[in-house]
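Heads up, the thing below is written out as structure tokens.
Source: prediction; values computed, not measured. When a residue number appears, it is its place in the shown sequence, counting from 1.
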Amino acid sequence: SSGKFAKSTTLYKDLLKSNDSKELHYDLANSYYKKGDYENAIKEYNKAKGGDIDEAAIEHNIGNSYFKQGKFDKAIKHYENALKIKEDKD
């Protein structure tokens, strides 16, 4: 299973060389997250901001990445950001 995520991570990286899209950064971030590489996941989630992807979902996923690392203060900050974004939309 982790081999599958390693292959998808490589694929997304290759695609980003020719198409630097927010969606590909988001997909790469999800791939890193599933592999347990939370540092790279956070970097890629941040690169995915400002596109068509729901900003609240990105903030929530960053929060999850920090939570998995035991960085609870940072996780809470991003969960709160996600809630603020959702409230603003509603």
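Here K84 does not pair with E87 in a salt bridge; the nearest charged N to carboxylate O distance is not below 4.0 Å. Electrostatic pairing of E59 and K74 does not count as a salt bridge here, judged by no charged N lying under 4.0 Å from a carboxylate O.
S65 and A41 make their closest contact through OG-CB, 4.0 Å (heavy atoms, listed as atom of the first residue, atom of the second, distance). Pairing each heavy atom of A82 with each of A56, the nearest pair is CB-O, 3.4 Å. In terms of heavy atoms, I53 sits closest to E23 at CD1-CA, 3.7 Å.
Rounding to the nearest 0.5 Å gives a distance of 12.0 Å between CG of N81 and NE2 of H60. Atom OH in Y32 sits 6.0 Å away from atom CG in D37 (nearest 0.5 Å). Distance check: K22 NZ to K47 NZ gives 10.0 Å after rounding to the nearest 0.5 Å. To the nearest 0.5 Å, the span separating CG on N64 from CG on N61 amounts to 6.0 Å. Note that the CD atom of E44 and the NZ atom of K13 stand 8.5 Å from one another [nearest 0.5 Å].
Around atom NZ of K68, no more than 12 heavy atoms belonging to other residues, nucleotides or ligands sit under 6.0 Å away. Other residues, nucleotides and ligands place more than 12 heavy atoms under 6.0 Å from the OH atom of Y79.
Side-chain N/O atoms of N30 and D27 include no donor and acceptor closer than 3.5 Å.
Residues Y45 and Y26 bring their aromatic ring centres within 6.0 Å. Ring centroid separation for the pair F72 and Y66 does not come in under the 6.0 Å cut-off.
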| task | Take K49 and H25, measure what side chain to side chain contact (heavy atoms under 4.5 Å, CB included) needs, and give me the verdict at the end. | result | CA-CA 9 Å; K49 290 181 180 179; H25 283 291; over 6 Å; no
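Contact annotation: the side chain of K71 never approaches that of D73 to less than 4.5 Å [non-hydrogen atoms, C-beta and beyond]. Side-chain contact between N46 and I58 is absent, with no heavy-atom pair separated by less than 4.5 Å. Side-chain atoms of Y33 and I42, non-hydrogen and from C-beta on, never get closer than 4.5 Å to each other.
E80 pairs by the side-chain contact (heavy atoms from CB on, under 4.5 Å) definition with I76, not counting sequence neighbours.
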